[in-house]
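Scope of the values below: all heavy atoms of this structure, side chains included, with no hydrogens, waters or symmetry mates. Sequence lines set the chain letters: A, B, ... in the order given, protein chains first and strands last, and positions in each chain run from 1.
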2 protein chains.
Amino acid sequence: MLSKKTKYGLKALTYLASVDSKEPVQIAEIAKHENISQKFLESILLTLRRNGFLGSKKGKGGGYYLIKKPEEIQMTSVMRVLEGPIAMVPCVSLNFYEKCDDCPDENKCAVHKLMIQVRDSALKVYRNNTLADLIK
Amino acid sequence: MLSKKTKYGLKALTYLASVDSKEPVQIAEIAKHENISQKFLESILLTLRRNGFLGSKKGKGGGYYLIKKPEEIQMTSVMRVLEGPIAMVPCVSLNFYEKCDDCPDENKCAVHKLMIQVRDSALKVYRNNTLADLIK
DNA sequence: CTTTTATCCTATCGTTTTAGTAGATTTTAA
DNA sequence: TTAAAATCTACTAAAACGATAGGATAAAAG
């Protein structure tokens, strides 16, 4: 299941990409437009800012804005920041690899074999989609 | 993340497929071989039996066995029973569809657009793999 | 018919994750 | 100096996860 965090984060990003203004957009506006709890969205935008997707401005006239162009924002990186590993098991994760303690030999593991394929197919989709693709 | 339930269920199925015996295999044997808590595995095998993947026999010489041939067991159906919907959001699920209450128009939703692609790519993999493929 | 072996079933439980909420603080513009 | 906005810290309710406990049921062996 996709977490609400990821879902809301993606919606916020696409909203920012679609308004395409040089002026910062306020949390309240995004929350209202996308039907998201404002307080919850706050924390999501914060992590997006800390991870280099958004810039912010405080005080009156403040808000959030995209730092990069939508065409330059790949879904792989967005998903990794919001949702975590793309792989469904740590033992097939490229960026968050961990060995299974119950599994003596990865190469003979059926779960491993299947999840490698699932990971690759998901990666293909995420690499193929930028923020710009999603707002077309 | 793949749940332990699904992971263990898959391992149990592949073990049963690989021993390929006409005799039922006991839970204890599977649990030991795959390093799974026996009690936990019990409940997993039970749901696999209730969903038509396994047969069982009680008493001495009892245990579990595959009902169908490994070539006939598709990963789509296994995943749906153990893990639930293949889609990451209910609004793109084929078998468990649900409308999002926050989303006014699915066709304009970026999350929807992306998750449709992810679902299709995962489905492709699961449809492409039977239990027999995983033990090769 | 009794004992043993194994599945079946229901209930419970501790931990972690999720999806928030509350409230005070800091920064900026007017 | 006041109002508007993001920032930060802490807390919480509910659900999901990963089991565990203990008895019920069924079948086979003696």
Side-chain angles (χ1 to χ4, degrees), chain A residues 1-12 16 21 23-32 34-51 53-67 81-85 88-90 96 100-102 111, chain B residues 1-12 16 21 23-32 34-67 82-85 88-90 96 100-102 111:
Chain A
M1 269 293 161
L2 197 74
S3 66
K4 301 263 181 187
K5 182 180 170 188
T6 303
K7 185 181 175 188
Y8 295 162
L10 278 171
K11 288 201 168 198
L16 287 173
S21 95
E23 297 303 300
V25 180
Q26 294 153 28
I27 298 177
E29 182 183 332
I30 307 175
K32 197 175 174 190
E34 301 293 337
N35 292 308
I36 306 172
S37 143
Q38 177 166 344
K39 271 294 191 179
F40 189 25
L41 183 58
E42 263 186 52
S43 65
I44 298 170
L45 295 179
L46 220 41
T47 75
L48 285 173
R49 195 213 55 177
R50 287 182 179 136
N51 284 279
F53 294 98
L54 300 179
S56 66
K57 202 185 158 197
K58 280 186 172 182
K60 194 162 193 176
Y64 284 95
Y65 50 89
L66 288 178
I67 282 188
V81 161
L82 292 175
E83 190 73 6
M88 292 184 81
V89 279
F96 303 85
C100 298
D101 27 330
D102 56 305
V111 179
Chain B
M1 270 291 162
L2 197 74
S3 67
K4 301 263 182 185
K5 183 180 168 188
T6 303
K7 186 181 175 187
Y8 295 162
L10 278 171
K11 288 201 168 200
L16 287 174
S21 93
E23 298 303 299
V25 180
Q26 293 154 29
I27 297 177
E29 182 183 332
I30 308 174
K32 198 176 174 189
E34 301 294 337
N35 292 307
I36 305 171
S37 144
Q38 178 167 340
K39 269 296 190 180
F40 190 24
L41 183 58
E42 258 187 55
S43 65
I44 298 170
L45 295 179
L46 219 42
T47 75
L48 285 173
R49 195 212 55 177
R50 288 183 178 136
N51 284 279
F53 294 99
L54 300 179
S56 67
K57 201 185 158 198
K58 282 185 173 182
K60 192 160 193 177
Y64 284 95
Y65 50 91
L66 289 178
I67 282 189
L82 292 174
E83 191 73 6
M88 293 183 81
V89 279
F96 304 83
C100 298
D101 28 330
D102 55 307
V111 178

Separation of dG18(D) atom C1' from E83(B) atom CD, nearest Å, is 13 Å

Given dA26(D), dA6(C), dC9(C), the nucleotide with the shortest approach to the side chain of K58(B): dA26(D)

Rounded to the nearest Å, what distance is computed from the CD1 atom of residue I44(A) to the P atom of nucleotide dA19(C)? 9 Å

Can you find an N or O donor on one side and an acceptor on the other, under 3.5 Å apart, linking the side chain of K39(A) with the base of dG23(C)? yes

When the distance from CD of Q38(A) to P of dA22(C) is rounded to whole Å, what number comes out? 13 Å

At less than 4.0 Å, is any side-chain N or O atom of S3(A) found next to OP1 or OP2 of dT17(C)? Yes or no. no

Could you check D102(A) against I36(B) for side chain to side chain contact (heavy atoms under 4.5 Å, CB included), going step by step and ending with a plain yes or no? CA-CA 8 Å; D102(A) 56 305; I36(B) 305 171; 5.7 Å; no

Between Y8(B) and dA19(D), is there a side-chain N or O to OP1/OP2 distance below 4.0 Å? yes

Just to confirm, is there a sub-4.0 Å distance from OP1 or OP2 of dG20(C) to any side-chain nitrogen or oxygen of S43(A)? no

Between C1' of dA28(D) and NZ of K60(B), the distance in whole Å: 8 Å

Find the distance E42(B):CD to dG18(D):C1' and express it as a whole number of Å. 15 Å

Rounded interatomic separation in angstrom, taking CG from L46(A) and C1' from dT9(D): 11 Å

State, yes or no, whether a side-chain contact exists between L82(B) and Y8(B) at a heavy-atom distance under 4.5 Å. no

Once you round to the nearest 0.5 Å, how far does CG of L10(A) lie from CD of E83(A)? 9.0 Å

Shortest side-chain distance from S56(B), nucleotide among dT27(C), dC8(D), dT7(C): dT7(C)

Atom pair distance, as rounded to whole Å: NZ in K5(A) and P in dA15(D): 21 Å

Would you tell me if any nitrogen or oxygen in the side chain of K57(B) comes within less than 4.0 Å of OP1 or OP2 on dA28(D)? yes

Using a 4.5 Å cut-off on heavy atoms from C-beta on, say whether the side chain of S43(A) contacts that of K5(A). no

Select base, sugar-phosphate, or nothing to describe what L45(A) touches, counting heavy atoms under 4.0 Å on all strands. nothing

Are the side chains of L54(A) and L45(A) in contact, using a 4.5 Å heavy-atom criterion? yes

Rounded to whole Å, NZ of K7(A) lies from C1' of dG20(C) at a distance of 15 Å

Starting at the 5' end of DNA chain C and moving along, which residue's nearest nucleotide shows up first, Q26(B) or L2(A)? Q26(B)

Is R50(B) near enough to dT7(C) that one of its side-chain N or O atoms lies under 4.0 angstrom from OP1 or OP2? no

Please classify the nucleic acid contact of K4(A) as base, sugar-phosphate, or nothing, using heavy-atom distances under 4.0 Å. sugar-phosphate

